[in-house]
Amino acid sequence: MIVNKYKKRNHIKPEINLTSMIDVMSILMSVFMVTAPMLTTGMSVDLPKGGKTAIEGAEKAVDITIDKNGRIFIGKEEVAMAKLNKKLLYMLKQNPKLSIVISGDTKTHYGRIVEVMGSLKSAGFKKVGLKTEPITKK
């Protein structure tokens with residue numbers, strides 16, 4: 001009987017210390033908040049101005065960039081015109097709701113953008129759009 005009383009009095013209740021976990025999570029959150037804006041994919045181009053708002057769902061779209069020299073990029077990878085449709089058709093098989101946004105530099109020849117857009121339309125892509133910067137009123 002004496003042994004049972006001794007065990008009950010000195011029994012320690014297990015508790016989880018959340019202080020260190022909260023510290024680690026707050027540091028991770030601040031690191032992700034700082035680095036997330038720097039992780040934009042694609043090439044840097046000077047977009048033409050037009051439109052008032054961003055396209056809805058554009059964050060889930062594949063961004064095709066055409067630079068001022070007419071080179072085509074998917075993300076940061078340069079793609080030849082002949083291989084563009086093959087790569088995108090593979091992506092379309094993975095996601096049937098795939099939409100495509102073309103970002104063309106203001107100095108890109110209009111014919112090059114229309115050529116890429118026409119090629120995508122003839123390959124069967126139904127959701128193809130052009131990316132622009134919103135017009136700012138002064």
With a 4.5 Å cut-off on side-chain heavy atoms, are [Y] and [X] touching?
| X | Y | answer |
| --- | --- | --- |
| K131 | I102 | no |
| L84 | I64 | yes |
| L88 | V62 | yes |
| K127 | I100 | no |
| M25 | M29 | no |
| F73 | R71 | yes |
| T106 | K68 | no |

Pairwise distance [atom1]([X]) to [atom2]([Y]) - rounded to 0.5 angstrom:
| X | Y | atom1 | atom2 | value |
| --- | --- | --- | --- | --- |
| I22 | I27 | CD1 | CD1 | 12.5 Å |
| M91 | F125 | CE | CZ | 9.0 Å |
| D67 | K107 | CG | NZ | 12.5 Å |

Review point. Only one of V116, L92, L120 forms a side chain to side chain contact (heavy atoms under 4.5 Å, CB included) with N85, so which one is it?
Key: L120
Check your understanding: Does a side-chain N-to-carboxylate-O contact under 4.0 Å join K87 and E77?
Key -> yes
Review point. Distance-only, no hydrogens or angles: does the T108 side chain make a donor-acceptor pair with backbone N or O of G104 under 3.5 Å?
Key: no
For [X] and [Y], work out which heavy atoms get closest and say how close.
| X | Y | value |
| --- | --- | --- |
| V101 | L130 | CG1-C, 4.5 Å |
| E115 | M81 | O-CE, 3.6 Å |
| L89 | A123 | CD2-O, 3.7 Å |

Exercise for review: Please indicate whether K83 has more than 12 foreign heavy atoms, meaning atoms of other residues, nucleotides or ligands, lying under 6.0 Å from its NZ.
Suggested key: no
Check your understanding: Can you get from V114 to I72 by hopping between Ile, Leu, Val, Met, Phe, Trp and Tyr side chains that sit under 4.5 Å apart?
Key -> no
